[in-house]
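One structure is given below, encoded as structure tokens.
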Amino acid sequence: MSNPLADMDKPDVIFCIGTNMTECHPVAATRIKRAVAQGAKLIVADPRRIALAEMADIYLPLRVGSDVALLLGMAHVIAREGLMDEDFVAARTTEGRDFVEHVLEYPPEWAESITGVDAKLIAEAARWYAKAERGAIYYTLGITEHICGVDNVQSLCNLALMTGNVGREGTGINPMRGQNNIQGAGDSGALPNNYPGFQDVLDPAYQAKFAAAYGREVDLELGPTKVTALDMCGDRIRAMIINGENTVVTDPDREHCEHALRSLDHLVVIDIFLTETAQLADVVLPATAWAETDGVCSNTERRVQRLRKAVDPPGEAKPDWWCVSRIAQRMGLKGFEFESAKQVFNELCSLSPIYAGLDWDVIEHGEYHWPVPERGHPGTPILHQGEFENGRGIFQLIRYRDPAETISEEYPIWLTTGRRLPAYHTRTQTGRAAGIEYLLSEERLEMHPTDVSKWGLEDGGWAMMSSPRGEVRIKVEANDRSPPGTVFASFSFNDVPVNFLTGGGYDPITHTAELKVCPVRVEPV
Amino acid sequence: MSDNSGNGTGFDFEITLDGEKVGVRRGESLYEVSERHRKEIPTLCYDPRLEAFGGCRLCIVELDGARNPVASCTMRAEPGMRITTRSARLDMHRRVLMEMVASENRDMDVDPLSGYASQEMAVLLDRYDARTGRFAGARSGRSRPDDDNPFILRDYENCISCYRCVRVCAEQEGDYAISVMNRGFETQITTEFEGLLGDSACTFCGQCVQTCPTGALADIKALANADVPGETEKTRTVCPYCGVGCAVDLMSRGDKLIGVQPAMDGPANEGALCVKGQFAFDFVQHPDRLAYPMVRGEDGELHETDWDTALDRAAAGFTAAVENHGRHSVYGVASGRAPHEAAYMMQRFIRGAFGTNQIDNCSRA
């Protein structure tokens, strides 16, 4: 997030797009609810009538995968009606003129033809956001899990730049990160394009820095993303080590994924349960879990906080960092003689400019948001104040593209996927917590009542849902949260492996799968 | 906003608190000013996160010029006010109030595992020596043993109608799942149509449980561990689910994890949690946990083994891959669920051992 969570009740206009926050980030959503209670206006764009949509002053029920069109239509209105923050655009951005020319080609009536959202509503939402004293954008995977995920994010950045809604309290472009330390995994350098602290692996200065730090030559080129690596399994990639990820259930196109892992010569999995992925491994190493592990995590607002051990782990389980460092030692490698999480974290801080002012003891109370460039620096709750990291904010000329697969006679229904409040991911954790099954005991396909009758199905009855990649048996729940023509399911239940169906395409830059759009057929069984 | 007039302390004006002049910021209640000076004014309906309610009247103070004591939580401080927070008269009033409050309840004492604030009433009963039973008689609140939800006990025979649960649900959570029905001894906290929580707008975030001062609403999962021997220890950490990063206090006895309470001073959550953070902690000690390393045997199955064997096997596989197919044949996937140290070590392994950038984490799926 560019702005802290504490800012969430400060905007006067809030624009939530592709975020089912009350279910996926419930505590953050309480701040939105408070802001609305205090009079903030709420604009919600989502294909499903989620709880946030029920609270919204303007609800934009767009077709799955049509976000770019919606955002172009909004940008058009802001440009056409002279609602841009000209001072901000002049002082802090570049390519503004080209951008305005570009968006003037896309009136809201055009956006309506793509998104299905009333052009008048699109225009009104644009006006509200542009005229806001403090307008804030919040988004989640509904924006990123598309073949055009980067385009979606850049479209949002364009809106913020043209209205000056960035770099101030209560504004910003705020992705809500979905996992407790997904931000931290990136901060720590577990990326094919960045060393720790987002230092570019293509930059010779950083290459030299890490070659020196790690005592060996480093590659001068990018690594493949995980998605690409899975495609290379059995070919270039022969051995893999996976830590705490149930890859075969969470990734799209499960059959492809299982086949990839089975074709490896060597698979090591470090996890707390014998997941579907661990069951494919040659070596499984038992990790200590949350509540058993000292460590550090970064939340969605870049706040760096300590995790503390409360109880001993079962049997001989060991911290993940210990497992990996000991494998390295067994390979005869030097430099892996770590004895504590503190030692590991402090090395990370010493190599990461955004953590340069932090260490294990400094973060004891969790009050710092990175970047913290030097000791004594107060941290950076709000990014992009004064100037952007790379100087000026650059407008990007984005064009709408259809999803990788669109509905057809054979697959006439849009499937979109996501989470539900009581279940987390593949339920390796919530599925083993007493009581959760009271709230959610099985997966159901959310389908509009008119579709239920149209396709000859029954509320509570079984259906077969299929895509070009496979089929799953699933119970139907008649529910008007999803609009006619669109259905929703989560990927939480292993007995309804929805990711057998998904995976029609990937964003060309991030390689994030289009998990939010998958044309399917649903038939009675 | 403070105008820093006068002395540059950030205060706007002064009042006299127990004979001492103290600074006040405009808009502060008498209670807030007194709390800053650690006057320990008793309250039952007060939760600093909620709008002051003025329901329990325990926070009364003497205000010069007012005939009767005033509720300090709802009375704004005004320049020149002179207040007294402790006196024989206040103690007498508070004691009678506590006797009356207690008379409506079945239990004076509840297990501290009931919830974060569950001891507030019992503590005040002792402080004011109010366990007299003087007003024994009618009781308010009907418990709901029919509510079979596995998380929230609804034992309204211990309810004192402070409405903290109703207010936290509305003001903090924005869920409006519960409300107040009837008045006087008939007062009842209820959902729409007097149904089960599971059929209401309740999201089982547990905020009502944690603010209840009597244990009328209680944490069923924690209470199930009431018989675990040992002292309850609290360990501050961060919730393991989404990216909001809510701070929690883990409750444990010995090596048994017995429950979770929200950290009221958690920087990201300020006391809030959701159903997962509040109640889905016990996966940690589930019998399915991996406790020993495993390696795949000749028979094609995974077998438990010792660390030496497992680490040697893990290392040998990577060494062989490099020897046979080069260093670009190895790939590492770090976790978005494990701490920094795990991700850092994974990339250090891939970059330090193989010199490649063949490392990623699970953020793309």
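So that the names make sense, note that chain A is the first sequence line, chain B the second, and so on, each numbered from 1.
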Examine whether an atom of [X] lies under 4.5 Å from a heavy atom of chain B, and if so say whether it belongs to the side chain, the backbone or both; otherwise answer neither.
X      : answer
A:Q329 : neither
A:T225 : both
A:C323 : both
A:L280 : backbone
A:K318 : both
A:Q183 : neither
A:A28  : both

- Item | Region of B:K256 that comes under 4.5 Å of a non-hydrogen atom in chain A |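 Only the backbone of B:K256 comes within 4.5 Å of chain A.
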- Sequence neighbours excluded, which residues qualify as side chain to side chain contact (heavy atoms under 4.5 Å, CB included) partners of A:P422?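 In terms of side chain to side chain contact (heavy atoms under 4.5 Å, CB included), with neighbours along the sequence ignored, A:P422 is linked to A:R420, A:I436, A:L439, A:L440.
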- Task: Identify, with sequence neighbours excluded, every residue that meets ring pair (Phe, Tyr, Trp, His ring centres under 6.0 Å) alongside A:Y214.
- Result: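 Only A:F210 meet the ring pair (Phe, Tyr, Trp, His ring centres under 6.0 Å) criterion with A:Y214.
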- Can B:Y344 and A:S352 be counted as having a side-chain donor-acceptor contact under 3.5 angstrom?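 Note: B:Y344 and A:S352 side chains miss the donor-acceptor criterion.
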- Item | Check: B:Y116/B:D249 side-chain N/O donor and acceptor closer than 3.5 Å |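 Distance-only check fails for B:Y116 and B:D249.
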- Message: With chain B as the partner, which of A:Q305, A:Q279, A:R177 has the greatest number of non-hydrogen pairs under 4.5 Å?
- Response: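 Most heavy-atom pairs under 4.5 Å with chain B: A:Q305.
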